[in-house]
Structures are given as structure tokens and as C-alpha cells.
Engineer: 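Below is a structure I'd like to ask you about.
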Amino acid sequence: MKHEFKQTEPKWQKRWEEAKAFRTGEDAGKPKFYGLVEFPYPSGAGMHVGHIKAYSGLEVISRKRRMQGYNVLFPMGFDAFGLPTENYAIKHNKHPRIVTDENIAHFTEQLKRVGFSFDWDRVVDTTDHNYYKWTQWIFRKMFDNGLVFRDKTLVNYCPSCKCVLSNEDSQGGKCDICHSDIVQKSKDVWYLRITAYADKMLEGLNEVDFPENIRVQQENWIGRSTGAFVNFKLSGTEETLRIYTTRCDTLFGVTFMVMAPEHPLIDKYSALINNMPEVSAYREECGKKTEFERTQLVKEKTGVRLDGLCAINPVNGKEIPIYISDYVMMGYGTGAIMAVPAHDQRDWEFAKKFGIDIIQVIKGGNIEECAYDGDGEMINSGFLNGCTNKKESIARMLEELEKRGIGEAGVQYKMKDWAFNRQRYWGEPIPIIHCPHCGMVGVPYEELPLLLPEVENFEPGEGGESPLAKIDSFVNCTCPKCGGKAKRETDTMPQWAGSSWYYLRYIDPHNDNELADFEKLKYWLPVDWYNGGMEHVTRHLIYSRFWHRFLYDIGVVPTKEPYAKRTAQGLVLGPDGVKMSKSRGNVVDPLDIIDQYGADTLRVYVLFMGDYGSAAPWSMTSVRGCKKFLERVASLTDMITGTSDKKVVKSLHATVKKVTSDIESMKFNTAIAQMMTFVNEVYACGGIAKDDLFTFITVLNPFAPHLTEEMHEVLGGKGLLSLAAWPEYDESMLAEDTVEIAVQVCGRLRATIELPRDCSKEDAARIIAESGKIAAFTEGKTFVKDIYVPNRIYNIIIK
RNA sequence: GCGGGUAUGGCGGAAUCGGCAGACGCGCCGGAUUUAGGAUCCGGUGGGAGACCGUGCAGGUUCGACCCCUGUUACCCGCACCA
């Protein structure tokens, strides 16, 4: 037969749909497999070939597991709240609901055209009120459990999106949505206390199967450090300047203090500061800098001394000057540091520039040239003098600090609490009411979902207030506690809210009474295998692990961790080897490929193009190669013989074996290569028995389901091939009677020779000698020794 | 600066344990078929005339190294004045 994909692909997609072939089973007698792929944001641009690659990995694995008799949950949904939709809606004066519905319909159509085996009865849409009811419910639970708080602080603010962003959303000082420079702005912000879960999230990493780089990236993002808080008195006041340090052992080497420019004590004691105009000017200058400018490396240290204000070193009573400098951040530790220029390079640079003393307290290095941060004997350090072990010095200092009540051990995290509110329309309303008497009160659970109201104008206000603030009927309400007049919170949740728990909803997507039935959660959790992009490692993956752990703590989910195993696919690059982007014009549209070459070709190609986890450039000629392979496969129906050649049978068993194991380790490229080898073998031998062809198309089915279903039908197969049993292979069929091994002389390949399998060393040596193949190389030399690895090599050493 | 990773033909990439480097595909060359082109099928294809040389570079361990060790270079990704 011919590979008539234009007819057969829609035909089989329709059959699968009618038969509900991929509906999730819950048969208790079978093992379960929950395969999860990151659900897409349904943008107006439609799908990208990158989506196809991202989903095809677990698609193949899920199809294979289904054929192996598992209950498979392989769902799909849409993460549909978000700014692009809202901006599109504003620009085209269309309601975001309508835009979202159109985009979801378009994405669904595209996904179906690829032939993915998702369970379409379980689709979730984060913007559906039946879904976001539970997003709000989880938020309320967090509120009840003290994980939600409001604080007026400096936040990352995107002037272009007119929106507050979390730390995770402003990495590198750029807005994650529009790539504008982030500015620091003082604002009232809702926070989720994710830092309270930092340790639990670190611990959890030990019980999941994440690749090393993902684990390390998460650890670094959480950024746990252990150290000490030390209290310095401000001379002439009762005030304490509290600092955090990881090197309390160097306390005797402190020669100045540095506070972040925004540090509140500066305002509090401005009356004592003689050069306040200069200080204010510096602070203003820092405020203007973007986060990016401020954190630029290789930057000269700047700062101003607080003239008139001094700190007292608690261990030796020395009076030390205080500076403000933007190399100290308000957001980490206490926003102030003790500076030890002898042993910290940043402090050293600052001291050199401002002519501050440098006191060495650890022997070693040359502090004239740079700070010394190595080990050595303690000097100039009172009771620590003579100690040579850093750990011990720290322990002894901590003991002293605690004994004298001037400090204590402490832990800090780089991860910050999650700035959770957005001043935009297209998101989940935050279910909180502000009551003048009772303060912040949660919207009662029975009133959830708190529906997103209709507005005329989706645009945020110039002052950075949410569009919802303009709707009096939404804003004005009564306090659920005291019944008095109150106002609703008008900000909405960030896009990451809905995606933090969607994998739970797939398990029980239509449940009106709870987020998901606990028994079902017990059956399906954890997600067995989660595949997605590397870009989500320090965002979605962190956030959802946090939410899951919280839900575990309040007894809503049965597992500590949501995902047992995580993998990541590599990017699909443009034909020019650069990341695909509209501006470069190197984007490949999956629908164009499907129209020209078929969905099966697309599926095979995205998995064949290279190592699944690595980036690889798109190649149109290679796409054609994959199409050619499928055409050769289709033609096998015209090559049926009574029995297969022995070589074909052997190659078939080898193929079943390799495809079976390669799929499990995501080595799809070599699995496909093996199938190509097999087809080449059939062509070389001129035919194949029907049963053997059935076996072959069964293992090819997860990759090219449409073509193989068609072949199965043409060959008279019954039922759907996609639901057939995965074939077994016979190891004994693979064993050869003879093997060809390499014959080396002094480690250099000189010949190859056919030997009986598992031949003894004596026999091997004799057969090789008798063959005379290496005589020319050993002639007249002295035998030293020989090395024989059965079925591999024979190496003879001579002199 | 720190952390993680990569480096193999003209190209994408293979290579369980340290045991015949270059599977498979693309491209290219040749042949068959064809009025021709395309498509298809068959064969060839790391370099070198050769002895030989070949897995970023320089060493080391080993009978034997893409693989292990030391040093080094280039590139990619993440974080980045984190006290």
C-alpha cells in the first residue's frame, strides 16, 4: 500500500475519537501510569513545533504503557489566564473570554491533527470558573494557614505591563512577559510565604527522580545558607543594627558596616546624620537604577558614609563607621552587613576605595593584593587566636555570641516570598475582603468561585491599580465577619497560580464538591513522569512543588511530592541553528508539516532529530527522510511472504528489544534508527511474513499511529492496533552461533575473525594462528602475552 | 565569579563494562529504471597515493581510551555584589 496520509490520518483520528480509545482506565487489576506534559498557554499564534516535541516524548511512552496493560492517565489542558490574551483583547476590543475560547479551540484542533492520545474527556481550562474555584479555594486555605500576607515593600515592577512581578518572573532584571527593564517600586503586595517551605522543598528533592541539573538549579534557587545574626549597637542610641553573616569567625576583622540604601534605620536616625543631603542624593541615585544596572558585575563600588552614626563591635567594643552602598541588598538577610575587608573581596574593594582599615584575622594570602578567603590560623581575634579550623572558629564564636546575647545562629534563603498579586484583569480574583473593622477577611468558602466580573475596559489604571477597581458593584461588599461595609481586593493572581495544581484536577476533573476525590488522588499520585521545558525549573516547578507540599500538610493530597520523575526536552531550533522566533522568521508551523508530509512524519521527525534532551536544528531534508522511511514501511504490505528470512526474524527480535528499552530511556532517536535498520533488512531479504509485520507495526505504532493502524486494517487485523498488546521478544533468537571479533597486535587492529560464540581462549588462539591472518605482523617477534575477551577482542602482545 | 553541561565525518547524531569509532538519517558520488525531470530501487561514502592518521587541545594510566585521571581551550544553559 501507499502512505496516503491525507486520507488515513483524519480517518483514524475520527475512529479513535468515536471509540474513545484513549479514555483513562481505572481497572484496579492493572498498574497505573500517570504521564504529564506541561499544558500550553493557548496563544493566538497557535502551536509551535516545540510543543510537538515536548508532547511527543510522553505520548510515545504513554501509548506504549497502554499497550503494555497499564491504566494510563495522559491528559491535556490549557493554562489560559495571562497577559498576552488580555493585551490582545484590549487591542482588538474583544472579550478575553472569547479570545481564550477561540484559542483553545484552535489548539485543540491542532493537537488532534497530530494524533496525540490525550484523554479528551479530562481537559482542564484554568479560566473556567469550575476550575478557578479551586485555585481560589487553595489560596483561601493558605490564607487560613498563615501563608498569605500583605506587605508594603520594594517590589519588581514592570512599567510596560503596569504590573508587580515575582522574583521568579523578573530574572535577569527583565520582565518575563515583555522583556522590559524591571524597576524597583514601593507597593502594597500580597505574598505567599514560600520561604516557609524552603527546607521542605530541599528535603523533597531527595525523594524524587530529577536530573542532576534540575535538582542543582532548584537548590541554588532556594539558596539556603547557614550563618549567624549579630547585633551591633548604634553608638549614642539604644538601637541595634542587626546583620547576617556566614563568617562570624571574622568578627574581629570588622572595620566598617554597610547598610542597603533603603535601610529603614537611615530615616529613623536622620537627625544624627550630619551629611543627610549627600546621603539622600545617593539614595535617590540608587532608586533610579534598574535592578540590572545595580547588579552588574565588574562595577566600581559606590557609597556614602553616614557621618555621625557609628556601630559598636560587640566582641571588642570598637567603634566602627557605617556606610550605605548599593552592593548590599535590602532583600537579603537584614539589609545590612558587617564588612571584613581582609577576607571578603567586595568589602576589600570598598575599603580600598574609601581608605578604610583592613585588619587581617586569618593568616594566609596577601591582603595587599586581594582579600583572603582561605583557611589559616586566627590572629588579632581575642579568644579565637590560634584556632586553625574554620568550622571550629565559627562554632566557638557562635557559642560566645549566644552566651552574651549578642547574636545567634541563623539560616537565610536566596528565594524570596512569592509576590502573588497582579494588577490585571485576566486572572483569578483574589478572594479577600478588606474590612475597616476586621481587617483582611477571606471570602467564605461557600461563596467560591468569586467570579471575575464583566468590565468595559480591561486596561490597568495609570496608578497601577487593577481594572477591577473601577467596578463599584464588585468592590463594595459586606464583611463576612461583622456584616459592615467592606471592599473587595481587586488584584488578581499571577498566571502561575492555575498551573500550580492542574495535574491534580486531571485526576478528577468534574468534581463539584472538592478539588479532587482523595481516593482517586491516592490511586493516581504521584505523577509518574513529568516532562517539560528547562525554563520552568525555577518557576512553575518550584511553585507547584510548594503548593503540593502545602496541600499535603493540610491533608488534601496523599503524597509529599507531586512528581516522581521529571525530564526535559531540548529546544527545537530554526534551520539556521538559532532559537525559533517570529522576528527572525525561522519559525516552522507544525500544520504546514502535517499538510505536506503528514502527522506521522512530523511525530517521527521530532523524535529522530537528535537526543531528546538536547537542542537540535530543524532540517527539512531530514523531515523528507522520515517521510521516506514511512513510505518504505507502508510498502511492506506488498512484500508479504510465507515465512520471514532468518535474518529478518532476528532483526525483528532485536528491534522489539531495542525499541522497548530505548523508549523507557527517551532514546527515541536510536529506537527509530533500529526500526529503519529493520526495514532495510526486510528490503534486503525481499519480504516478510505477515505475523512478523504485525509485530513490527505494533512497536512502530506509538511513533506513527495512523499509518500503522491503516496497515493493520489492510492486513486484516481486528480492532485497534493502538490497543493491541505490546510484543515480547525472545532473547534466544538474538544469540548468534558465531561472532566476528577483532584481532589486535599490540593493541592495533590487524584483522577480524569469525569465532564460535563463547569460544575458549585456547581455541581462539589456535583458530587465529591457523587462519594466518596476523602472521605477517608477528613474524620474527617474541611473544609476550595475549589478552582475550570472549566475543569481543583478541589482542596479542609481541616484542 | 559560582553552579550545571557540551565538544565525534560535509550536516543531525550513534557507540551497555575501557574492547572493530562513525549505527541511523541527511547530503554527496555511481548504477538501474525513466523521453526528461522527479520519485523509486541497488551500491559507495572519515582523511590519506600509501605506510598510516583520526572523537576540541596537551599530558597520564592501560595490552587497549570518545569512555578513566591531570591540566587546558572554546561554546551553551542557569544564577549572579546572597554578605
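Only this structure's heavy atoms are used, side chains among them; waters, hydrogens and symmetry mates stay out. Reminder, nothing fancy here: chain letters follow the sequence lines and each chain counts from 1.
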Engineer: Quick check with a 6.0 Å cut-off and a 45 degree axis cone: is A:Lys301 positioned over the face of A:Phe350's six-membered ring?
Structural biologist: no
Engineer: By the 4.0 Å heavy-atom rule, please label A:Val216 as base, sugar-phosphate, or nothing.
Structural biologist: sugar-phosphate
Engineer: Given atom CG of A:Asn680 and atom P of B:C41, what is their separation to the nearest angstrom?
Structural biologist: 9 Å
Engineer: Within the 4.0 Å heavy-atom criterion, would you say A:Gln744 contacts the bases, only the backbone, or no part of the nucleic acid?
Structural biologist: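 It contacts base atoms.
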Engineer: Just name whichever nucleotide pairs with B:U72, Watson-Crick or G-U, keeping both distances under 3.5 Å, else none.
Structural biologist: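 Pair assignment: B:U72 / B:G56.
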Engineer: Just to be sure I understand the rule, does A:Asn795 reach a base, reach only the sugar-phosphate, or reach nothing, if contact means heavy atoms closer than 4.0 Å?
Structural biologist: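 Base, at least one base atom sits under 4.0 Å.
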Engineer: Nearest whole Å is fine: how far is B:U40 P from A:Phe629 CZ?
Structural biologist: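 One finds 15 Å between P of B:U40 and CZ of A:Phe629, rounded.
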Engineer: Can you say whether a donor on the side chain of A:Glu740 sits under 3.5 Å from an acceptor on the base of B:C20, or the other way round?
Structural biologist: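 Under the 3.5 Å cut-off, the side chain and the base do form a donor-acceptor pair.
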Engineer: Base, sugar-phosphate, or nothing: which does A:Thr246 touch, judged by heavy atoms less than 4.0 Å apart?
Structural biologist: sugar-phosphate
Engineer: Does the structure place the NZ or CZ of A:Arg242 under 6.0 Å from the centre of the six-membered ring of A:Phe229, at an angle of no more than 45° from the ring's axis?
Structural biologist: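 That pair qualifies as a cation-pi contact.
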Engineer: When you check the phosphate oxygens OP1 and OP2 of B:C41, does a side-chain N or O of A:Arg632 lie under 4.0 Å from one of them?
Structural biologist: yes
Engineer: Within the structure shown, what part of the strands sits under 4.0 Å from A:Asp347 by heavy-atom distance: base, sugar-phosphate, or nothing?
Structural biologist: nothing
Engineer: Distance to the ring centre below 6.0 angstrom and angle to the axis at most 45 degrees; does that hold for A:Arg603 and A:Phe703?
Structural biologist: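 Judged by the rule, A:Arg603 and A:Phe703 form no cation-pi pair.
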Engineer: Within this structure, what is the CZ-to-C1' distance between A:Arg748 and B:C63, rounded to whole angstrom?
Structural biologist: 13 Å
Engineer: Under 4.0 Å between any heavy atoms, over every strand shown, what does A:Ile787 touch: base, sugar-phosphate, or nothing? Just pick one.
Structural biologist: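 Since a base atom lies under 4.0 Å of A:Ile787, the category is base.
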Engineer: Counting only Watson-Crick or G-U wobble pairs whose two distances fall under 3.5 Å, which nucleotide matches B:U45?
Structural biologist: B:G27
Engineer: Would A:Glu219 and A:Arg215 pass as an ion pair if we require N to O under 4.0 Å?
Structural biologist: yes
Engineer: B:U40 pairs with which nucleotide, Watson-Crick or G-U wobble, both distances below 3.5 Å?
Structural biologist: B:A32
Engineer: Please classify the nucleic acid contact of A:Ala615 as base, sugar-phosphate, or nothing, using heavy-atom distances under 4.0 Å.
Structural biologist: sugar-phosphate
Engineer: Name the orientation class of the two ring planes belonging to A:Phe256 and A:Tyr323 (parallel below 30°, tilted from 30 to 60°, perpendicular beyond 60°).
Structural biologist: perpendicular
Engineer: Closer to the 5' end of RNA chain B via nearest nucleotide, is it A:Ala616 or A:Met338?
Structural biologist: A:Ala616
Engineer: Please tell me which of A:Tyr244 and A:Arg750 maps to the more 5' nucleotide of RNA chain B, matching each residue to the nucleotide holding its nearest heavy atom.
Structural biologist: A:Arg750
Engineer: Could you tell me whether A:Tyr683 contacts a base, only the sugar-phosphate backbone, or nothing, with contacts defined as non-hydrogen atoms closer than 4.0 Å?
Structural biologist: sugar-phosphate
Engineer: Just to be sure I understand the rule, does A:Gly625 reach a base, reach only the sugar-phosphate, or reach nothing, if contact means heavy atoms closer than 4.0 Å?
Structural biologist: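 Sugar-phosphate: the residue A:Gly625, judged by heavy atoms under 4.0 Å, touches backbone atoms but no base.
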Engineer: B:C42: syn or anti, with syn meaning chi within 90° of zero?
Structural biologist: anti
Engineer: Under 4.0 Å from OP1 or OP2 of B:G64: is there any side-chain N or O of A:Lys785 that close?
Structural biologist: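 A:Lys785 to B:G64 OP1/OP2: no side-chain N or O under 4.0 Å.
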